[in-house]
Amino acid sequence: MALLIILITCLVIIFAASQTCQTPDDFVAASSPGHIIIGGLFAIHEKMLSSEDYPRRPEIQKCVGFEISNFLQTLAMIHSIEMINNSTLLSGIKLGYEIYDTCTDVTVAMAAALRFLSKFNCSGEIVEFKCDSSSYMPRVKAVVGAGYSEITMAVSRMLNLQLIPQVSYESTAEILSDKIRFPSFLRTVPSDFYQTKAMVQLIQKSGWNWVGIITTDDDYGRLALNTFTAQTAASNVCIAFKEVLPAFLSDNTIEVRINQALEKIIAETQVNVIVVFLSQFHVFSLFSKAIERNINKIWIASDNWSTAIKITTIPNVKRIGKVVGFTFRRGNMSSFHSFLQNLHMFPRDNNKPLNEYAMLLAACAYAKDSDLSQCISNYSQGTLAYKANEDIERNFSLRNDFLWDYTEPGLVHSIQLAVFALGYAIRDLCQARDCLNPNAFQPWEQIQSKCSKECLPGQMKKTTKSQHICCYECTNCPENHYSNQTDMDHCLLCNNETHWAPVRSTMCFEKEVEYLNWNDSLAILLLALSLLGIAFVLAIGIIFTRNLNTPVVKSSGGLTVCYVILFCHFLNFASTGFFIGEPQNFTCKTRQTLFGVSFTLCISCILMKSLKILLAFSFDPKLQKFLKCLYKPIPIVFTCTGIQVVICTLWLIFAAPAVEENVSLPRVIILECEEGSILAFGTMLGYIAILAFICFVFAFKGRKLPENYNEAKFITFGMLIYFIAWITFIPVYTTTFGKYLPAVEIIVILISNYGILCCTFFPKCYVILCKQETNTKSAFLKMIYSYSSHCASSLAVSHVSLDSANSNVTTTSRSSGGKSAAWQKRKDFQASAFACICRENATCVSDALPRKRTLSI
């Protein structure tokens, strides 16, 4: 009896889970019941046990080579389903699973696919074929997997019969994106098109142009090779050699082909960069032999093996050189880490891979952590037999971190995304159905279900707080961005210089070119004011010409000076036309130069007149002497204008204004004149301001001269208007942008031009037209006499007032003598002024009044 108990408790021999399939249920690797069943395909073993001869009977062989990384992928699917079941995503609905081991073999995977297609809740394993399978209820609602593109394609073609959704976590072959061939296929990883494109860009940016490539002889390898070759040809990168290995490790020629590939690498000494599109099993064999031959290269890894722990743990792997690879996006792994830490407490019923892992741990209980992976691989290459060990639980807890160290976060995250995508699809379908009934919906209905609604063109996906990229919100594309496809990850940026787009746009629109057009209402108004100003100039010219010999015209400096000033006003009004219309280089250069030179000439002539008036009626001997020396009309005008000409010439030579496209505004391109040099522009305006200020000072000093013939007071007003206009112009000009910027300068030019024109000529026109009785020689002389008498009386009174301030009689006597001398000087100055006015009127005052009378004044 004791012996029997020992035999029962010790269990003499246990065979590995990887034994020959006897019944369909034996074929299932792991399963769990539920209201809705999800299928899974994982290459838990690396190959089938090869036979010495070709198959003579249609039977599935044993799988060997337990793969820890792929076993972890199986656990990732189980964990994701458990997460959904323990959440409120599918309230009251439990997801179950049936996971099959493909053994990295298409035949085994096809057998699993047939099991998926078998009729649900049928006593026998029956697959029905109908013309219309819309109502057919297969065993599973969806399938997660497989990992390898070759297997995925074969399985997908079978699942297409019932349009069972297949979501792959690793298959990247570009052909799988063809919805005509694979209508029910989905994946959570990008296709090889983007991976090969990234590889070519890496090679090109690194300056490499002579590379080799190694791939497998299957759909994945051939398609990746073709895509890579096409992209390298377009990027001036040459392929030195192409080595193709058998697709499956069970192939008897695999060792020979690997050795041939390594010999080719050694022979091509100029090739230092090798692109590898292989599975991690192939790479393991390739690198193991490359290390033996001391091959040191740069290896560009595909996503299949770039982060595989199986590769990084190869002894002396660093001797192969450098590995540059691409991998998948990682997610939050904390929950999965906790799951692995408590894996020893997870039920192992109906979970053959987990049981096999437990047995392998027991078999390798005394192996070091660094040798555990190799020990498991060695033991799993054949039929495992060992004595029962009651310390399996202890082995699990002692090796907690072993599985975590072999976890590939990118792949685990992709599997989680696949499972949760199906979970959200089922949630949407079950909102209006009773999914406790397994017949509530057909598998093909899930293909139309998504975690989030499809983002329309003009929108982009915005990830939510969820770690799953399948769950997102749709946000409108911002201004100057667009999207022209559904479910775009980001909006595309328009070329801001030439195009624009409104919010939620599906395309870019060309910017309109704008400038101050001739048809613009403001431009028409400004042109009308300019033409009115030109009309005023012509009218004033006609009036002055017809009244050429009148005192008012003569006192204005004569017809020549008036014509010059009026011509300058004409040019100023005309220059505004160059600010309107489509800017050209010629108009940009002409408008500022024309305005600057003509306005300077105008101010120079008025400055000369102000100086003459001040000279004629000044009674200060020192000032009179200074003014007489200064008063040179023609040199003054030519010098003042010449300086401005030099400024404008230098401006045009070294930094001439030119046409510029202002693209700073979001929807329009402003065609404007760029002044070339702000310093030159400011110097031109500043020089005019200096002349205007001098003119203002001279005119201000002569503002109290005879009223009817006094220009000084009106010149003062004109200069004040000029200063107010241009002082206002500076802040307005610097803060205004857009097509109406030239209008600001036109307005200021018109204001200053109208101000000076009106103040200079309108009072004279008023006297000529409305007060003709004052525009005669006699009235003129009478006015001069009255003004001189008033001035003399003012001087006498002022002097007497000063004398009365002194009480000393003798001082008064001396002051009287001084008074006589001062009186005589004042009379001489008045005579000079009077003589000057006479010359202006072309008549000597001595003819009208005796010289003695004049002196007595």
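What you see is a predicted model, and the numbers here were worked out from it, not measured in a lab. All values below come from the heavy atoms of this structure, side chains included, with hydrogens, waters and symmetry mates left out.
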Validation row: [X], [Y] side chains within 4.5 angstrom (heavy atoms):
| X | Y | answer |
| --- | --- | --- |
| E512 | I669 | no |
| C588 | E674 | no |
| I747 | L529 | no |
| C238 | W210 | yes |
| C455 | K461 | yes |
| Q204 | S235 | yes |
| L741 | L516 | no |
| I749 | V744 | no |

Taking atom types as modelled and ignoring hydrogens, do the side chains of [X] and [Y] form a donor-acceptor contact shorter than 3.5 angstrom?
| X | Y | result |
| --- | --- | --- |
| R187 | S177 | yes |
| T227 | E174 | yes |
| N304 | S302 | no |
| N160 | S184 | yes |
| D192 | T172 | yes |
| S598 | N572 | yes |
| T196 | Q231 | yes |

What are the two closest heavy atoms between [X] and [Y], and how far apart are they?
| X | Y | result |
| --- | --- | --- |
| A501 | H481 | CB-O, 3.6 Å |
| N480 | P666 | OD1-O, 3.9 Å |
| L679 | T683 | O-OG1, 2.6 Å |
| T152 | S171 | OG1-OG, 2.5 Å |
| G738 | L665 | CA-CD1, 4.4 Å |
| V167 | A418 | CG1-CB, 3.4 Å |

> Could you walk me through whether I175 and D219 pass the side-chain contact (heavy atoms from CB on, under 4.5 Å) check?
Replying inline: CA-CA 9 Å; I175 194 174; D219 288 337; 5.7 Å; no
Indicate yes or no for a side-chain donor-acceptor contact from [X] to the backbone of [Y] under 3.5 Å, with no hydrogens or angles considered.
| X | Y | value |
| --- | --- | --- |
| S483 | Q459 | yes |
| S677 | A680 | yes |
| S168 | E170 | yes |
| Q195 | D303 | yes |
| S80 | V419 | no |
| T587 | P583 | no |
| Q166 | G145 | yes |
| K739 | L671 | no |

Counting only heavy atoms not in [X], do more than 12 sit closer than 6.0 Å to its [atom1] atom?
| X | atom1 | answer |
| --- | --- | --- |
| Q431 | CD | yes |
| R330 | CZ | no |
| F570 | CZ | no |
| F729 | CZ | yes |
| Y733 | OH | yes |
| R181 | CZ | no |
| F693 | CZ | no |
| K179 | NZ | yes |

For the atom pair [atom1] ([X]) and [atom2] ([Y]), what is the distance rounded to the nearest 0.5 Å?
| X | Y | atom1 | atom2 | result |
| --- | --- | --- | --- | --- |
| I300 | K322 | CD1 | NZ | 12.5 Å |
| I670 | E661 | CD1 | CD | 10.5 Å |
| E745 | L526 | CD | CG | 12.0 Å |
| L422 | L90 | CG | CG | 10.5 Å |
| E514 | D520 | CD | CG | 9.5 Å |
| F441 | C430 | CZ | SG | 5.0 Å |

> Aromatic ring centroids of W726 and F595 under 6.0 Å?
Replying inline: yes
> Mind checking whether Y722 and F717 have ring centres under 6.0 Å apart?
Replying inline: no
> Shorter than 2.5 angstrom, is that how the SG atoms of C494 and C508 come out?
Replying inline: yes
> Salt bridge or not for E510 and R667, using N-O below 4.0 Å?
Replying inline: no
> Where do F573 and Y754 land on the ring pair (Phe, Tyr, Trp, His ring centres under 6.0 Å) test, with the steps shown first?
Replying inline: CA-CA 9 Å; F573 283 122; Y754 266 111; 5.1 Å; yes
